[in-house]
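Presented below is the structure to which this report refers.
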Amino acid sequence: SFSEPTNISNTSETLSRNPAIAAYEDNVYIVWSEAAQNGLNQRTAFTKSTEGVSFTTPVALNEAESALSYVSASGDNVYVTWGQATGTGETAVRQVFLATSIDQGDNFGEPVNISNNPVGIIAQNPNTDADGSNVGITWEQRDNAATDPNWDVYFSGSTDNGNTLSSPIDISESGIS
């Protein structure tokens with residue numbers, strides 16, 4: 001049977017939405033988007049539990065406009081991805097970021113910009129999966145100025161806990177055969 005629901009965001013002053021969950025052995029990791037009531041200043045929040053009942057105090061993994069976080073875990077490694085916006089109008093750009101923990105989510109390294117897009121390119125909806133020190137990240141991306149602004153699917157991976165990442169590749173470029 002399931003336990004009673006637990007309010008892990010525990011906020012009445014903010015909007016908490018778009019949760020994602022990962023588990024490895026007895027550890028449960030949860031991320032979500034947390035924003036002011038007006039929807040601005042959205043950040044990625046993280047919490048964990050070692051027994052699935054009580055959770056740590058949530059922490060923000062970034063301080064910028066972010067959305068659609070995702071989490072995966074393997075062994076002591078926890079990987080969190082999110083889309084993050086900078087600029088407005090013609091200077092708008094959305095990137096995909098990765099934050100890595102090698103101590104079961106107790107500490108995270110500095111977030112790394114995986115997509116490294118120029119102005120006008122939109123990257124969003126990242127997903128990640130992990131096996132030990134190997135991590136793969138996918139996301140959707142498009143050129144906002146293109147005459148036919150279709151979304152493509154991109155991939156980047158790492159074999160060393162996200163310390164070095166492969167250059168992003170467009171895995172949908174050739175289409176489906």
Check whether I122 and Y154 end up in the same hydrophobic cluster, where Ile, Leu, Val, Met, Phe, Trp and Tyr are linked by side-chain heavy atoms less than 4.5 Å apart.
no

Side chains of S33 and R43 in contact at under 4.5 Å (non-hydrogen atoms)
no

So how far is it from N107 CG to I102 CD1, rounded to the nearest 0.5 Å?
9.0 Å

Please report the interatomic distance CG(L68) to CZ(R17), rounded to the nearest 0.5 Å.
8.5 Å

Path from F46 to W82 over hydrophobic side-chain contacts below 4.5 Å:
yes

Evaluate the criterion side-chain contact (heavy atoms from CB on, under 4.5 Å) for residue pair D129 and D131; output intermediate values, then yes/no.
CA-CA 7 Å; D129 200 6; D131 182 18; over 6 Å; no

Heavy-atom side-chain proximity of Q141 to D152 below 4.5 angstrom
no

Is there side-chain contact between F155 and P168, with heavy atoms separated by less than 4.5 Å?
no

Could you measure the distance from the OG atom of S16 to the CG atom of N7? Nearest 0.5 Å is fine.
7.5 Å

Decide yes or no for P126 and F97: does some side-chain heavy atom of the first lie under 4.5 Å from some side-chain heavy atom of the second?
no

Are the side chain of T6 and the backbone of I8 linked by a donor-acceptor contact shorter than 3.5 Å?
no

Can you check side-chain contact (heavy atoms from CB on, under 4.5 Å) on N62 and Q84, steps first, answer last?
CA-CA 9 Å; N62 68 327; Q84 184 168 310; 3.2 Å; yes

Can a donor-acceptor pair be found, under 3.5 Å and without considering hydrogens, that links the side chain of T44 to the backbone of S69?
no

Verdict with supporting geometry, Q95 and Q124, side-chain contact (heavy atoms from CB on, under 4.5 Å):
CA-CA 7 Å; Q95 310 284 7; Q124 63 185 27; over 6 Å; no

Decide whether S101 and Q104 meet the rule of one side-chain donor and one side-chain acceptor closer than 3.5 Å.
no

Might you confirm whether atom CD of E110 has over 12 heavy atoms from other residues, nucleotides or ligands at distances under 6.0 Å?
no

Polar side-chain atom of S156 near backbone of L165 as donor-acceptor pair, under 3.5 Å:
no

So, the side chain of T56 versus the backbone of T47: is there a donor-acceptor pair under 3.5 Å, distance only?
no

Taking the side chain as every heavy atom from C-beta outward, state whether L98 and T81 have any atom pair closer than 4.5 Å.
yes

Please set out all donor-acceptor pairs under 3.5 angstrom arising from side-chain atoms of residues 20-31, sequence neighbours excluded.
{"unit_1": "N27", "atom_1": "ND2", "unit_2": "Y29", "atom_2": "OH", "d": "3.2"}

Sub-4.5 Å side-chain heavy-atom contact between I121 and R94
no

Indicate, with yes or no, if V78 and V59 share a hydrophobic cluster defined by side-chain heavy-atom contacts under 4.5 Å among Ile, Leu, Val, Met, Phe, Trp and Tyr.
yes

Mind checking what makes side chain to side chain donor-acceptor pair (under 3.5 Å) contact with N161, not counting sequence neighbours?
N77, Y79

Of I114, N127, N125, V153, which is the lone residue that meets side-chain contact (heavy atoms from CB on, under 4.5 Å) with W139?
I114

Side chain of S74, backbone of G132: donor and acceptor closer than 3.5 Å?
yes

Using the rule that Ile, Leu, Val, Met, Phe, Trp and Tyr join whenever any side-chain heavy atoms are under 4.5 Å apart, tell me whether V112 and F108 fall into a single cluster.
no

I'd like to know if the side chain of N113 reaches the main chain of S115, judged simply by a donor and an acceptor atom lying under 3.5 Å from each other, with no hydrogens or angles considered.
yes

